[in-house]
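One structure below.
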Amino acid sequence: MEKLDLPDWMSQLPRELTTVPLWDLAIPGSHDSMTYCLDSSSTLEPNTAQWIRNLQRMLPRAVNSIVKQWTTTQERTIIEQLDGGVRYFDLRIACKLKDVTHTLYFAHALYTTVTVEETFTQVVQWLAQHPREVIILACSTFDGLVSRDHQKFIALLTRLFANTLCPKTVTPSLQLCWEHKYQVILSYAHPEASSQQELWPKIDYWWTKRDRTSARGVIEYLENRLQSEGRDVAFFVAGLNLTADWRYLIMHLFSSVKKITLAAYPELLDWVLQQRCGSGKICINIIAADFVGVNEFVQLVININHTFFKFRDS
């Protein structure tokens, strides 16, 4: 396995790879990237299952503790993830119910302790220190936001990231991004952003909705989809994340998503080792996982790029 300096791995790729579209490269990502800082004392998101919300009213501390065990999918901060080579971030934006300030947080059943603006300000500072790295920020859900919130958020994004935003009208390669000083592909999965040239549409996230607690179920779904329909000429994410439905959660109340993820990781990493990137219909692009940094997942995904020329015509 070729070792790279993970904070700057993109700038170390072979020159031939710097001119291909970013969606033909293998890019490591994190699923539910901001769940490392969920607030165990926060209210639950309104879209949380009603039976959980009812139970929380009676046993708030106990329920929040269990919810946090099953919704925390990352342990490293976003800067630690960036330093660790992660370049795709799955971000769920939310506005707390009845919050008169309309402050934006990240959320996954619970809200985060940090705000969106605080987090993105840190990301801007990191990018300034790593001018040849390109990241993909995927704002995938917007819980509790109304039109006015979207407009304020879009204005914040364009102000913070400014000229580093890569417009959706180009076919981005590393070389093109370096020439124009683009560093951010920002996907905004909501119609409010459709007229914004700097904001990309929703990035397709492949993730099984059946048998979500086993590595085998996740892998079979991805393999079947690749073989049956293949990928489009665009960014897409192969999600290796496991998730428990409410039936599984009740039967394994005192377990956690971390336990089932770590148990599944050996098989998931074996699947990663078999992948290749390029423009072929069965080639991968972004691979996202939970608890990035606990093993060699990021390095394995980056190393897939060395298969590009071997399999580019597949």
How about T169 and Q197: does a side-chain donor come under 3.5 Å of a side-chain acceptor?
-> no
Does the side-chain contact (heavy atoms from CB on, under 4.5 Å) test come out yes or no for W9 and R87, once each step is laid out?
-> CA-CA 10 Å; W9 68 265; R87 293 294 176 267; 3.6 Å; yes
Modelled atom types, side-chain donor and acceptor of D90 and S140, under 3.5 Å = yes
For D290 and Y265, does a side-chain donor sit closer than 3.5 Å to a side-chain acceptor?
-> no
Show the numbers, then the answer: is there a ring-ring contact (aromatic ring centres under 6.0 Å, His included) between F142 and Y188?
-> CA-CA 10 Å; F142 304 89; Y188 199 101; 4.5 Å; yes
Test side chain to side chain contact (heavy atoms under 4.5 Å, CB included) applied to C166 and V184, I185, L186, the passing residue = I185
Between E133 and Q183, is any side-chain donor less than 3.5 angstrom from a side-chain acceptor?
-> no
With distance as the sole criterion, is a donor-acceptor pair present between the side chains of Q12 and D8 under 3.5 Å?
-> no
Given D24, which of C283, C277, S279 fulfils the side chain to side chain contact (heavy atoms under 4.5 Å, CB included) condition?
-> S279
Donor-acceptor pair, T208 side chain versus V218 backbone, under 3.5 Å?
-> no
For residues W23 and D232, is any side-chain donor paired with an opposing acceptor at under 3.5 Å?
-> no
State, without any angle test, whether T115 and T103 hold a side-chain donor-acceptor pair at a distance under 3.5 Å.
-> no
Begin from the C-alpha positions of F120 and F161 and carry the test ring-ring contact (aromatic ring centres under 6.0 Å, His included) through to its verdict.
-> CA-CA 9 Å; F120 284 170; F161 293 109; 5.6 Å; yes
State whether a side-chain donor-acceptor pair under 3.5 Å links N64 with Q56.
-> yes
Do Q74 and S33 have side-chain atoms, one donor and one acceptor, less than 3.5 Å apart?
-> no
